There are 2 protein chains.
Amino acid sequence: MAEDTVSAALTLKDIAREAGVSLATVDRVLHNRPGVRPDTVRRVQETIARNSFQPHVAAAELARGRARRFAFVMPLGSNPFMQQIQAYLSEMSAWLSARRLSIEMVITDVFDPSVLAASLEELAGGNYDGVAVVALDHPSVRAAINDLVDAGGKVVTLVSDVPSSRRHHYVGIDNIAAGRTAGALIGRLVRPGYGSSPGKIAIIAGSQSLRDHAERIFGFNQVMASEFSHLDILPLLEGRDEDDRSEQLISQLLGEHPDIIGLYNVGAGTQGVAKALTEAGRDKQIVFIAHDLTAMTRKLLLQGTLDVAISQNPGHEARAAVRVLLSLARNEPILSEQEKIRIDILMRDNLP
Amino acid sequence: MAEDTVSAALTLKDIAREAGVSLATVDRVLHNRPGVRPDTVRRVQETIARNSFQPHVAAAELARGRARRFAFVMPLGSNPFMQQIQAYLSEMSAWLSARRLSIEMVITDVFDPSVLAASLEELAGGNYDGVAVVALDHPSVRAAINDLVDAGGKVVTLVSDVPSSRRHHYVGIDNIAAGRTAGALIGRLVRPGYGSSPGKIAIIAGSQSLRDHAERIFGFNQVMASEFSHLDILPLLEGRDEDDRSEQLISQLLGEHPDIIGLYNVGAGTQGVAKALTEAGRDKQIVFIAHDLTAMTRKLLLQGTLDVAISQNPGHEARAAVRVLLSLARNEPILSEQEKIRIDILMRDNLP
DNA sequence: CTCAAAATGAGTTGCGTACCTCAAAACGCC
DNA sequence: GGCGTTTTGAGGTACGCAACTCATTTTGAG
């Protein structure tokens with residue numbers, strides 16, 4: 001009887017007692033505040049580790065008072081994937097407000113390095129606890145990100161990374177692997193040509209100068225060269241992610257090459273490409289692979305025009321970015337397995 | 001100046017003032033405690049809704065004092081998928097203890113309805129806040145689940161569902177869709193036979209009486225019949241999820257049928273199946289699809305023996321189960337998009 | 001040994017909610 | 001109008017930690 005070792009959760013007070021110091025000292029150690037001898041710091045940390053003590057997040061959150069503010073820097077325009085991410089962020093509003101978190105959207109031209117860098121520099125004075133940014137990889141953007149980090153904020157790159165910066169985390173996929181996946185699928189799904197040619201593969205992107213597109217193209221070519229070298233890859237077309245232009249380019253290409261058996265659309269403009277395929281009456285013969293799951297690609301998958309959609313889950317990216325920022329702000333470990341974004345292969349039968 | 005509408009977060013006190021009642025009454029309404037006139041209840045709820053007030057979860061968590069206890073009822077034996085789920089749960093220990101949550105594992109024979117039901121009934125007296133269970137669909141199990149629910153606990157079925165029970169949530173995949181996905185992939189990846197036959201497809205499962213296996217087989221056959229009727233599906237083999245037995249069955253089958261072009265393993269025993277394929281020297285010619293990502297299936301994918309692994313993410317299932325139980329216990333809404341388990345198509349190039 | 005600087009102890013306050021008690025007010029019924 | 005019951009108000013305590021102040025002790029340099 002009496003006070004037995006009831007395995008009730010330990011508190012800071014218990015740690016203080018066991019380490020033979022006062023609560024104030026434990027607090028100083030826990031928050032890296034100055035004025036504690038290295039020796040004492042070690043003793044306290046050891047006590048914490050020995051008991052695998054974890055501060056009660058609810059208590060910590062309540063005590064700190066002020067709410068946390070995050071900023072999301074997202075691109076202008078009507079990119080459906082980006083809009084989906086924003087929609088999922090809005091969907092979290094109840095979750096966020098119950099935790100006294102606020103998110104501010106900063107819509108800017110992320111494709112202009114100087115504009116993006118300026119937007120980021122502006123945030124540096126805003127006293128944000130964290131920033132998520134769809135980042136273009138450019139020296140001035142890198143510098144702006146590093147400034148944010150130096151100002152004490154946490155920075156997460158979203159969808160598009162700046163590996164050379166000191167950002168804390170990247171939430172997005174490996175686009176080279178995505179391109180490889182597209183290549184492997186095209187190579188394995190196409191049926192050998194009926195005529196003399198073994199079959200040609202067409203590829204269209206928004207622009208080669210977009211980093212994610214370039215990486216996908218690189219991965220795609222890698223696989224085609226090494227594993228499907230018998231297939232004939234046609235020169236890359238650039239559709240600028242526009243439906244009309246893409247449709248026109250593909251229509252013309254289909255006219256010139258009656259022996260196309262596979263088609264990979266690296267970027268947007270899928271609706272235009274699909275239209276060209278359908279109007280040429282060749283949507284069932286040509287294996288068509290594109291990116292992202294939208295209402296439109298879903299429809300195309302169900303009707304068989306599109307064979308595979310390679311996608312990254314926008315909801316997952318939105319939530320992962322928020323969770324990572326929150327964990328970073330709390331100095332909590334990140335569940336890296338949970339936050340890793342996968343390359344989803346979506347076909348008609350495994351549509352979510 | 002003066003008190004302007006600073007958009008500081010509202011508190012219960014603000015709600016009480018605005019509704020013209022005391023804190024105690026708001027508290028009674030918020031927790032469905034008796035002793036409040038219906039009229040007043042409505043007025044308070046309207047005030048809460050109008051301001052879209054969300055109680056501060058951290059404060060609520062701190063105030064309630066006692067920690068939450070969850071139980072996970074998992075199967076005996078060495079099923080690697082189940083062991084992965086358990087491993088991911090262990091990995092969350094820091095996350096859990098920082099939130100004063102505890103998880104107790106209850107290992108039992110989930111394939112024996114009476115044993116499973118008994119284990120569940122035992123938990124009903126344990127005063128758990130929530131239970132996650134890998135559930136066999138059987139009347140006595142259903143009754144036990146309903147008892148848990150009646151006792152006030154939250155119940156989540158994991159991996160395997162009991163739709164007819166009053167469980168609050170199911171965390172797992174649609175196995176019919178998984179089977180359909182396997183069928184569509186086999187049908188599209190195989191190369192037409194070289195001889196007279198268009199090619200035969202072999203299928204092996206653990207047992208037809210396992211619900212998840214039966215559902216996958218159903219989905220597989222559905223797709224094969226409707227879309228790939230030119231392919232010849234061989235009679236189902238039952239390998240009891242054992243490597244040795246599966247290897248033997250497949251070896252024999254390969255000997256009898258030189259024109260097999262596709263092979264689908266519905267359950268476990270993938271290592272045995274792969275061995276039979278390799279030893280017959282036909283692993284590169286036959287399209288092989290199996291389930292789940294383990295160290296072994298990963299190796300088989302990389303070396304090309306296995307063409308596709310269809311999987312559900314065990315880490316996601318583990319975390320989703322915990323999060324759903326926690327949200328249910330807090331009477332918080334569930335982010336259903338987040339908790340939905342997807343059917344992953346894994347090939348060599350999109351391995352996580 | 002002296003003294004200033006560094007390190008530590010002791011204590012307070014507040015965060016927003018849950019949960020409880022007790023008294024007071026309002027209500028419904030006869 | 002009186003009575004018992006129901007509803008409401010007012011208030012307190014506790015949860016574990018952050019953040020702060022101020023007094024006291026320890027330390028190291030000269």
Side-chain angles (χ1 to χ4, degrees), chain A residues 6 8-45 47-48 51 53-68 96-101 129 152 329-332, chain B residues 6 8-45 47-48 51-68 96-101 129 329-332:
Chain A
V6 285
L10 295 179
T11 70
L12 278 184
K13 214 194 304 187
D14 301 314
I15 298 299
R17 186 168 357 93
E18 183 168 335
V21 298
S22 74
L23 254 176
T25 301
V26 177
D27 183 72
R28 289 180 184 114
V29 171
L30 215 54
H31 299 92
N32 307 309
R33 279 190 258 273
V36 185
R37 230 173 312 154
D39 194 48
T40 313
V41 172
R42 201 164 31 72
R43 188 150 42 97
V44 173
Q45 284 175 339
T47 309
I48 289 177
N51 302 50
F53 165 78
Q54 299 276 130
H56 193 321
V57 292
E61 207 58 38
L62 186 58
R64 71 189 301 279
R66 57 213 159 80
R68 299 185 196 272
L96 291 166
S97 78
R99 287 158 184 77
R100 298 302 185 266
L101 302 175
D129 298 284
R330 287 176 173 166
N331 287 318
E332 241 183 0
Chain B
V6 285
L10 295 180
T11 72
L12 279 185
K13 215 192 303 187
D14 301 315
I15 298 298
R17 185 166 2 92
E18 181 167 336
V21 298
S22 75
L23 252 178
T25 301
V26 177
D27 183 72
R28 290 179 185 115
V29 172
L30 215 54
H31 299 92
N32 306 309
R33 280 189 258 273
V36 184
R37 229 174 312 153
D39 195 50
T40 313
V41 171
R42 202 165 30 72
R43 188 151 42 98
V44 172
Q45 284 175 337
T47 309
I48 289 176
N51 302 21
S52 57
F53 166 78
Q54 299 275 130
H56 192 321
V57 292
E61 209 58 39
L62 184 58
R64 73 188 300 279
R66 58 210 158 78
R68 299 186 196 271
L96 291 167
S97 79
R99 286 159 184 76
R100 298 303 185 265
L101 303 175
D129 299 284
R330 287 176 173 166
N331 287 318
E332 239 183 2

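Note that the structure is a prediction, hence the values are computed from the model and not measured. Below, chains carry the letters A, B, ... as their sequence lines are ordered, and counting in each starts from 1.
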Next on the checklist: What is the distance, to the nearest angstrom, from the CG atom on B:Leu12 to the P atom on D:dG9?
Outcome noted: 14 Å
Next on the checklist: Run the side chain to side chain donor-acceptor pair (under 3.5 Å) test against B:Asp129 and tell me which residues pass, sequence neighbours left out.
Outcome noted: none
Output side-chain donor-acceptor pairs under 3.5 Å for residues 51-59 of chain B, partner residues at least two apart or in another chain, one line each.
residue: B:Asn51; atom: ND2; partner: B:Glu18; partner atom: OE1; Å: 3.0
residue: B:Gln54; atom: NE2; partner: A:Ala94; partner atom: O; Å: 3.4
residue: B:His56; atom: ND1; partner: B:Ala58; partner atom: N; Å: 3.1

Item to check | Heavy-atom closest pair, residues A:Arg100 and A:Ala67 | outcome: O-CB, 3.1 Å
Checklist outcome for this item: Here the distance between atom P of D:dG16 and atom CZ of B:Arg99, to the nearest Å, is 17 Å
Checklist entry - Quick one, which residues of residues 30-45 of chain A touch DNA chain C with a heavy atom under 4.0 Å? => result A:Gly35, A:Val36, A:Arg37, A:Thr40
Checklist entry - To the nearest 0.5 Å, what is the distance between CZ (B:Arg42) and OG1 (B:Thr47)? => result 10.5 Å
Checklist entry - Could a donor-acceptor pair under 3.5 angstrom be found where the side chain of B:Arg28 meets the base of D:dG9? => result yes
Checklist outcome for this item: Closest non-hydrogen atoms of A:Ile15 and A:Leu10, given as atom of the first, atom of the second and distance, are CD1-CD1, 4.5 Å
Item to check | Interatomic distance where NE2 belongs to A:His56 and P belongs to D:dA14 [whole Å] | outcome: 17 Å
Item to check | Closest non-hydrogen atom pair, B:Val29 against B:Val36 | outcome: CG2-CG1, 4.2 Å
Next on the checklist: Distance under 4.0 Å to a non-hydrogen atom of chain B counts as contact; along DNA chain C, which nucleotides mark the start and end?
Outcome noted: C:dG16 to C:dC19
Next on the checklist: Just to verify, what does B:Ala24 make a side-chain contact (heavy atoms from CB on, under 4.5 Å) with, not counting sequence neighbours?
Outcome noted: B:Ser22, B:Arg28
Checklist entry - Among all residues two or more places apart in sequence or in another chain, which pass the side-chain contact (heavy atoms from CB on, under 4.5 Å) test with A:Leu23? => result A:Leu12, A:Lys13
Checklist outcome for this item: Per-helix bend value, the helix from C:dC1-D:dG30 to C:dC30-D:dG1, C1' rotation axes over five pairs per end, 10° rounding, shows 10°
Tabulated below should be each protein N or O lying under 3.5 Å from an N or O of nucleotides 3-5 of chain D; please produce it.
none

Next on the checklist: For B:Arg17, give me all partners under side-chain contact (heavy atoms from CB on, under 4.5 Å), at least two apart in sequence or on another chain.
Outcome noted: B:Asp14
Checklist entry - Hey, can you pull the residues of residues 58-66 of chain A with a non-hydrogen atom under 4.0 angstrom from DNA chain C? => result A:Leu62, A:Ala63
Checklist entry - By side-chain contact (heavy atoms from CB on, under 4.5 Å), which residues pair with A:Arg330, not counting sequence neighbours? => result A:Glu61, A:Arg68, A:Leu326, A:Glu332, B:Arg99
Checklist outcome for this item: Per the under-4.0 Å heavy-atom filter, residues of residues 20-27 of chain A near DNA chain C come out as A:Gly20, A:Val21, A:Ser22, A:Ala24, A:Thr25
